[in-house]
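For reference, the structure discussed in these notes is given below.
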Amino acid sequence: QVQLVESGGGLVQAGDSLRLSCAASGLTFSRCGMGWFRQAPGKEREFVAAIAWSGGFTRFADSVKGRFTISRDNAKNTVFLQMNSLKPDDTAVYYCAAADESPYHDRAYDRKNEYAYWGQGTQVTVSS
């Protein structure tokens with residue numbers, strides 16, 4: 001059974017930083033592209049960042065480029081989202097997602113339907 005467990009969310013002020021973690025189990029993590037999405041109240045879930053299983057390719061939403069970074073530790077089955085210079089517009093529930101194992105396609109996916117597994121989410125609230 002695949003499990004993705006996010007942690008690291010919280011309440012911060014504008015300009016602060018947070019680091020989200022997602023611990024994965026039940027899948028061959030080192031062969032899965034991973035991503036972060038977020039959903040604000042009343043809005044659709046949107047892409048934030050993604051990383052290929054090798055860690056060699058990353059992709060970011062325009063709204064977070066230059067502020068957020070994504071990384072992974074395949075030895076620990078964990079993916080991270082480092083969020084700097086946070087803004088009130090970053091307030092949302094952040095979800096970790098895993099694509100199906102794809103050893104021959106080392107890609108950073110940016111569409112929801114490219115991901116097979118989702119975590120429960122962690123709340124990030126940025127006050128002004």
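Using modelled atom types, one side-chain atom of T122 and one backbone atom of G9 make a donor-acceptor pair closer than 3.5 Å. Side-chain N or O atoms of R67 include one that pairs as donor or acceptor with a backbone N or O of S85 at under 3.5 Å.
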*Stepwise, does the salt bridge (charged side-chain N to carboxylate O under 4.0 Å, His left out) test hold for K87 with D90?*
CA-CA 5 Å; K87 305 175 181 179; D90 295 319; over 6 Å; no
_side-chain contact (heavy atoms from CB on, under 4.5 Å) between R38 and V124, intermediate numbers included_ = CA-CA 9 Å; R38 66 186 181 187; V124 172; over 6 Å; no
_Evaluate W36 against C96 for side-chain contact (heavy atoms from CB on, under 4.5 Å), listing each step before the verdict._
CA-CA 5 Å; W36 288 94; C96 172; 4.0 Å; yes
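Hydrophobic cluster membership is shared by V79 and L4, with clusters built from Ile, Leu, Val, Met, Phe, Trp and Tyr side chains linked at under 4.5 angstrom. Following chains of ILVMFWY side-chain contacts shorter than 4.5 Å, one cannot reach L86 starting from F47, and the two form parts of different hydrophobic clusters. Under the 4.5 Å side-chain heavy-atom criterion for grouping Ile, Leu, Val, Met, Phe, Trp and Tyr, Y109 is not connected to W53 through any hydrophobic cluster.
With values rounded to the nearest 0.5 angstrom, I51 atom CD1 is found 13.0 Å from C32 atom SG. Interatomic distance, D110 CG to F60 CZ, rounded to the nearest 0.5 Å: 12.0 Å. With values rounded to the nearest 0.5 angstrom, S21 atom OG is found 9.5 Å from Q82 atom CD. Interatomic distance, L11 CG to Q13 CD, rounded to the nearest 0.5 Å: 8.0 Å. A distance of 14.5 Å separates OG1 of T58 from CE of M34, quoted to the nearest 0.5 Å.
Annotation for G33 and Y115: closest pair O-CE2, 3.9 Å, computed over non-hydrogen atoms. Shortest non-hydrogen contact noted between A49 and L81 is CB-CD1, 4.0 Å. Taking all atoms of both residues into account, the shortest heavy-atom contact from V64 to V48 is CG2-O, 3.6 Å. For the pair D106 and A52, the tightest heavy-atom approach, listed with the atom from each and the gap, is OD1-CB, 3.0 Å. Of all heavy-atom pairs spanning L20 and M83, the tightest one is CG-CE, 3.7 Å. In terms of heavy atoms, A40 sits closest to A92 at N-CB, 3.8 Å.
Tested against F37, the residues E44, R45, E46 include a single side chain to side chain contact (heavy atoms under 4.5 Å, CB included) partner, R45.
Using a 30° and 60° split on the angle between ring planes, F68 and Y94 fall in the tilted class, from 30° to 60°.
Cation-pi contact between R72 and F29: present, with separation from the ring centre below 6.0 Å and deviation from the ring axis of at most 45°.
Atom CD of Q123 sits in a crowded spot, with more than 12 heavy atoms from other residues, nucleotides or ligands closer than 6.0 Å.
Residues E6 and Y95 form a side-chain contact, since some pair of their non-hydrogen atoms from C-beta on lies under 4.5 Å apart. Within the 4.5 Å cutoff, no side-chain heavy atoms of S71 are placed close to those of D73. At least one side-chain heavy atom of Y117 sits less than 4.5 Å from a side-chain heavy atom of D100. You'll find the side chain of V126 stays beyond 4.5 Å of the side chain of D16, heavy atoms only.
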